[in-house]
S.K.: 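Take a look at this one; I'll ask things after.
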Number of protein chains: 2
Amino acid sequence: MPCNLLRMDPVEEVRYLVLAAQREGNRALAAALRPLGVTPAQGEVLRLLAERQPLSLSGLGALLVCESGANPSRLVDRLVAAGLVRREGGVADRRHVQLTLTPDGRRAARGAAEAEAALHAHIAEAATGRDLDAVRDFLRALVGDRGAGLAVARRAGRAE
Amino acid sequence: MPCNLLRMDPVEEVRYLVLAAQREGNRALAAALRPLGVTPAQGEVLRLLAERQPLSLSGLGALLVCESGANPSRLVDRLVAAGLVRREGGVADRRHVQLTLTPDGRRAARGAAEAEAALHAHIAEAATGRDLDAVRDFLRALVGDRGAGLAVARRAGRAE
DNA sequence: TGTAACTTAATGACACGACATTTAATCCAG
DNA sequence: CTGGATTAAATGTCGTGTCATTAAGTTACA
């Protein structure tokens, strides 16, 4: 009885819409990446390495928005097993691993960039006639600088 | 080279901020629910049943924003094992399961409501001085009526 | 120097989340 | 009334995502 008469609180609806947007974006991206044999999380790793290799596991973890807190050992494991990433022991500090793309990994990163472009076009379309910067500012305030929010800030060049 | 001089595209930043907001919201909610021994996904089931029981598995699945596509058999399994939900065979149609809350489940649903209220207060705080309705409208346009977006629309009374 | 604090990565455990397949119950066209 | 399509639920599989612990390497300080 409560829900056809009572409208949902805008705050609660925004909470669920954020969840829904993440889910649908992830589904769309997964579908676009499937022909490459790569998942969205793996695609994020490939894109980061293409721009900033070499990276250590913890350096990568600091920039990943997915898998924000922990170290992405197992995420990288699968990319190494797939032959897309090389994992070499560090020289100066033997704790640090050096992650780099293989030639196949570079190719997959290019494909992932195209899949992301399609998703970005979809977001841009939903933003036509709206103030996307206001949405961005709200989301920045919402995530603050904890965990995943800090990773985005680092990616955007707003924090080191 | 690319990232301290080149600002990130607002569209791409919004994409990652949506992901980050979902992650951080989920982490905060998980922490608030942990004393109850319940996860955010389980909390969503408890809240839905508290308002709309009895529900079948597919009816529940149509309203869940998490786990949007599939049937939430295993999600419910754990709630039944925890003694929070009762799962009874249907009468008219023996395929349909009847899900209802146990007294413990009603109690857990009340606790989950309090944990959600804290998250909603955090969202409301990030929205002060901003146009939350505009954010909501953008996110509605973004998710459309596919999968999780449709579940939100149903919850908000915008669709049956 | 030597040891305690710290950092990095690996790993165990558990619960999703998405897709696909299977099984059982119901519906419906002929 | 019957046999194929449809629907509901369960289940298999794989890849996260989070928290915790462990082990190894490095730093810092008494």
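Note on naming: letters A, B, ... go to the chains in the order of the sequence lines (proteins, then strands), and numbering restarts at 1 for each one. Please read these numbers as outputs of a predicted model, since none were measured by experiment.
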S.K.: Ignoring hydrogens and angles, does a donor from either the side chain of B:Arg95 or the base of C:dT26 sit under 3.5 Å from an acceptor on the other?
M.R.: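 Between C:dT26 and B:Arg95, which were checked side chain against base, a qualifying N/O pair under 3.5 Å is absent.
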S.K.: Which nucleotide sits closest to the side chain of B:Glu67: C:dC16, D:dA9, D:dC19?
M.R.: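 Taking heavy atoms from C-beta onward, the closest nucleotide is C:dC16.
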S.K.: Within the structure, does a side-chain N or O atom of B:Ser58 lie under 4.0 Å from either OP1 or OP2 of D:dA9?
M.R.: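 Checking D:dA9 against B:Ser58, a side-chain N or O does come within under 4.0 Å of OP1 or OP2.
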S.K.: Which comes earlier along DNA chain D counting from the 5' end, the contact point of A:Pro40 or that of A:Asp93, where each point is its nearest nucleotide?
M.R.: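 In this pair, the answer is A:Pro40.
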S.K.: With distance as the sole test, does A:Glu24 use its side chain to make a donor-acceptor pair with the main-chain N or O of B:Ala148 at under 3.5 Å?
M.R.: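 A pair under 3.5 Å: yes.
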S.K.: D:dA9 base to B:Asn71 side chain: any donor-acceptor pair below 3.5 Å?
M.R.: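 Flag set: donor-acceptor pair detected.
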S.K.: May I ask you to decide whether B:Asp104 forms a salt bridge with B:Arg107, counting only side-chain N to carboxylate O separations under 4.0 Å?
M.R.: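 Here B:Asp104 pairs with B:Arg107 in a salt bridge, since their nearest N and O are under 4.0 Å apart.
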S.K.: Closest to the B:Val97 side chain: D:dA9, D:dT16, D:dT26?
M.R.: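 Of D:dA9, D:dT16, D:dT26, D:dA9 is nearest to the side chain of B:Val97.
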S.K.: Evaluate B:Glu44 against B:Arg155 for side-chain contact (heavy atoms from CB on, under 4.5 Å), listing each step before the verdict.
M.R.: CA-CA 12 Å; B:Glu44 195 181 347; B:Arg155 297 275 288 275; 3.0 Å; yes
S.K.: Does OP1 or OP2 of C:dA10 have a side-chain N or O of A:Arg87 closer than 4.0 Å?
M.R.: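 So the side chain of A:Arg87 is within the cut-off, an N or O lying under 4.0 Å from OP1 or OP2 of C:dA10.
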S.K.: Please report the distance, rounded to the nearest Å, between CD in A:Glu24 and C1' in C:dG17.
M.R.: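 These atoms are roughly 12 Å apart.
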S.K.: Respond yes when some side-chain nitrogen or oxygen of A:Ser56 is under 4.0 Å from OP1 or OP2 of C:dT8, and no when none is.
M.R.: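 Looking at the OP1 and OP2 atoms of C:dT8, neither is under 4.0 Å from any side-chain N or O of A:Ser56.
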S.K.: So if I take every side-chain heavy atom of B:Arg27 and compare against D:dG25, D:dC19, D:dT11, which nucleotide ends up nearest?
M.R.: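 My answer, after comparing the listed nucleotides, is D:dC19.
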S.K.: Closer than 4.0 Å, any side-chain N/O of A:Arg23 to the OP1 or OP2 of C:dA18?
M.R.: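 Answer is yes, contact under 4.0 Å.
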S.K.: Does a side-chain heavy-atom distance below 4.5 Å link B:Leu29 with B:Glu116?
M.R.: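 With C-beta onward as the side chain, the pair touches.
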S.K.: Using only heavy-atom distances, decide whether a donor-acceptor pair under 3.5 angstrom links the side-chain of A:Arg74 to the base of C:dG12.
M.R.: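 Such a pair exists between side chain and base.
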S.K.: Name the nucleic acid region contacted by B:Ala148, choosing base, sugar-phosphate or nothing; use a 4.0 angstrom heavy-atom cut-off, strictly under.
M.R.: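 No contact.
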S.K.: Nearest whole angstrom, please: distance from the P of C:dC16 to the CD of B:Glu44.
M.R.: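 Whole-Å distance recorded here is 11 Å.
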S.K.: From the list D:dG17, D:dA9, D:dG15, which nucleotide is the closest neighbour of the side chain of A:Gln42?
M.R.: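 Closest of the options to the side chain of A:Gln42: D:dG15.
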S.K.: Between D:dT16 atom P and B:Gln22 atom CD, what is the distance in whole Å?
M.R.: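 Those two atoms, CD and P, are 15 Å apart.
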S.K.: Classify the nucleic acid contact of A:Ala31 as base, sugar-phosphate or nothing, counting any heavy atom under 4.0 Å across all strands shown.
M.R.: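 Result for A:Ala31 = nothing.
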